[in-house]
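Take a look at the structure set out below.
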Amino acid sequence: MIYLAPVQGHTDAAWRYFHHEIYGGDHTYYTPFIRNEKGGFRDRDMKDFTSELNKGLTLVPQVIFKDMEELRPLLAGLSDAGAVSADLNMGCPFPLQTARGRGAAFIGNNEELKNLPAILEEFPQMKFSVKMRLGYSDPTEWRNAIDVLNALNLDHVTLHPRVAKEQYGGELHYDEFADFLKASVNPVVFNGEIKTPEDYIALGSRFPEAKGFMLGRGALGRPSLPEECAAGKTLDKEDRIGKMMRFHGMLLKHYESVLCGDSQILSKIKPFWEYAEEEIGRKAWKAIKKASNRAKYNSAVAMI
């Protein structure tokens, strides 16, 4: 089973809608994390979850929190908005969140972690999953949390086998993932460094017990990756680029219809290419990055 990771600034409702339009597939998409701000939802978070563009997709809202005081209203608000599931973010590695006890830092908060089962029981109409890292600074930190996680009736746990302090660098801790897979009573999904269909196939052979695999930056840089993984084969470069350009064209047209001015439009569409250097070539990638207006941007894209 293939899951599409939530990435702030990238996988908004429009990205998800047009990705599914071009590539299809029975994949699960996630919203970028929703958080509590000044006692309530950020408007843009709720708009993204309730957007008409989500119709026809399997979509799970993800929430990030530091304690039960933040989590409870998030789940209540999502339930009121019609959510039947939620993903609990315990894996965000970015200091802006971990410094506040959220994301990967939450795994080390044993007191709050123990309160989690009681909060989830307040929402029996919803099913839950967890997205996490091995820990904040030590790849064995998950061992202190596994008993609580095993006490939860989760749809699955998605594990990125790094710690927060490693961000996205260094080697993945495959041995720790294997130990987690054995220790977890909940199904486990692998996330991390899947960039090609070959990576996906190799990990499937290495961890056949995994429920599925989550694609993040790999699918941003190569949007055909979920389709290729599901089919178990590599599309030729011409087909991949052709579909990518169609995807980009639809997304750009949408942003042009709802935003005003070059600055707003470019700030939304340029991240489309952030992880695509290897796929489109360095020359075009650099030109896109440097483009300061739509005319220069369109010329840069035409280089692909």
Quiz item: When you check the side-chain N and O atoms of Asp155 and Ser129, is any donor under 3.5 Å from an acceptor?
Solution: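 Not at all, the side chains of Asp155 and Ser129 share no donor-acceptor pair under 3.5 Å.
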
Practice problem: Look at the aromatic rings of Phe272 and Phe247 and report parallel, tilted or perpendicular, splitting at 30° and 60°. | Solution: perpendicular

Quiz item: Going by the angle between their ring planes, with limits at 30° and 60°, are His19 and Trp15 parallel, tilted or perpendicular?
Solution: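 Judged by the thresholds at 30° and 60°, the geometry between His19 and Trp15 is parallel.
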
Quiz item: Name the one of Glu227, Glu238, His248 that satisfies side chain to side chain donor-acceptor pair (under 3.5 Å) with Lys243?
Solution: Glu227

Quiz item: Any ion pair linking Arg143 and Asp138 (charged N to carboxylate O, less than 4.0 Å)?
Solution: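 Salt bridge flag = no for Arg143 with Asp138.
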
Quiz item: Are Glu193 and Arg162 close enough for a salt bridge, meaning some N to O gap below 4.0 Å?
Solution: yes

Could you tell me whether the side chain of [Y] reaches within less than 4.5 Å of the side chain of [X], counting heavy atoms only?
| X | Y | result |
| --- | --- | --- |
| Cys92 | Arg102 | no |
| Tyr3 | His156 | yes |
| Asp12 | Tyr255 | yes |
| Asp87 | Pro61 | no |
| Lys296 | Asn293 | yes |
| Phe180 | Val188 | yes |
| Asn89 | Lys131 | no |
| Leu116 | Leu71 | yes |

Check for a donor-acceptor pair, side chain of [X] on one end and backbone N or O of [Y] on the other, with a separation under 3.5 Å.
| X | Y | answer |
| --- | --- | --- |
| Arg16 | Thr11 | yes |
| Arg246 | Gly242 | no |
| Glu166 | Val163 | yes |
| Gln8 | Phe33 | yes |
| Ser51 | Lys47 | no |
| Asn144 | Gly108 | no |
| Asn109 | Asp67 | no |

To the nearest 0.5 Å, tell me how far [X] [atom1] sits from [Y] [atom2].
| X | Y | atom1 | atom2 | value |
| --- | --- | --- | --- | --- |
| Glu198 | Glu228 | CD | CD | 8.0 Å |
| Ile280 | Trp273 | CD1 | CH2 | 5.5 Å |
| His10 | Glu274 | NE2 | CD | 4.0 Å |
| Asp147 | Lys114 | CG | NZ | 10.0 Å |
| Ile201 | Thr234 | CD1 | OG1 | 7.0 Å |
| Asp48 | Thr50 | CG | OG1 | 8.0 Å |

Give a yes or no on whether [X] and [Y] share a hydrophobic cluster (residues Ile, Leu, Val, Met, Phe, Trp, Tyr; joining criterion: side-chain heavy atoms under 4.5 Å apart).
| X | Y | answer |
| --- | --- | --- |
| Tyr174 | Ile146 | yes |
| Val157 | Met214 | no |
| Phe128 | Tyr29 | yes |
| Phe190 | Ile107 | yes |
| Met90 | Met68 | yes |

Quiz item: Are His254 and Tyr17 near enough that their ring centres are under 6.0 Å apart?
Solution: no

Self-check item: Test of ring centre spacing under 6.0 Å for Phe213 and Phe207
Solution: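 Between Phe213 and Phe207, the centre distance exceeds or equals 6.0 Å.
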
Which atoms form the tightest heavy-atom contact between [X] and [Y], and what is the distance?
| X | Y | result |
| --- | --- | --- |
| Ile241 | Ile304 | CG2-CG2, 4.0 Å |
| Ile2 | Leu4 | CG2-CD2, 4.1 Å |
| Pro161 | Asn191 | CD-O, 3.2 Å |
| Leu75 | Ala86 | CD2-CB, 4.0 Å |
| Arg72 | Phe123 | O-CZ, 3.8 Å |
| Ser85 | Leu59 | OG-O, 4.4 Å |

Taking atom [atom1] of [X] as the centre, does the number of heavy atoms from other residues, nucleotides or ligands within less than 6.0 Å exceed 12?
| X | atom1 | value |
| --- | --- | --- |
| Lys237 | NZ | yes |
| Asp26 | CG | no |
| Glu171 | CD | no |
| Lys127 | NZ | no |
| Arg44 | CZ | no |
| Lys270 | NZ | yes |
| Glu69 | CD | no |

Quiz item: What's the verdict on side-chain contact (heavy atoms from CB on, under 4.5 Å) for Leu159 and Trp142, showing C-alpha distance, side-chain angles and the deciding distance?
Solution: CA-CA 10 Å; Leu159 179 63; Trp142 66 269; 5.8 Å; no

Quiz item: When you look at Glu278 and Lys195, which way does the side-chain contact (heavy atoms from CB on, under 4.5 Å) test go after all the steps?
Solution: CA-CA 11 Å; Glu278 186 173 340; Lys195 298 179 179 179; 5.8 Å; no

Practice problem: Could you walk me through whether Met303 and Trp285 pass side-chain contact (heavy atoms from CB on, under 4.5 Å), step by step? | Solution: CA-CA 9 Å; Met303 294 168 62; Trp285 183 81; over 6 Å; no

Quiz item: Run the side-chain contact (heavy atoms from CB on, under 4.5 Å) check on Leu252 and Val301 step by step: do they pass?
Solution: CA-CA 12 Å; Leu252 177 59; Val301 171; over 6 Å; no

Self-check item: Ring-face cation of Arg133 near Tyr168 (centre distance under 6.0 Å, axis angle within 45°)
Solution: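 Cation-pi check for Arg133 and Tyr168: passes.
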
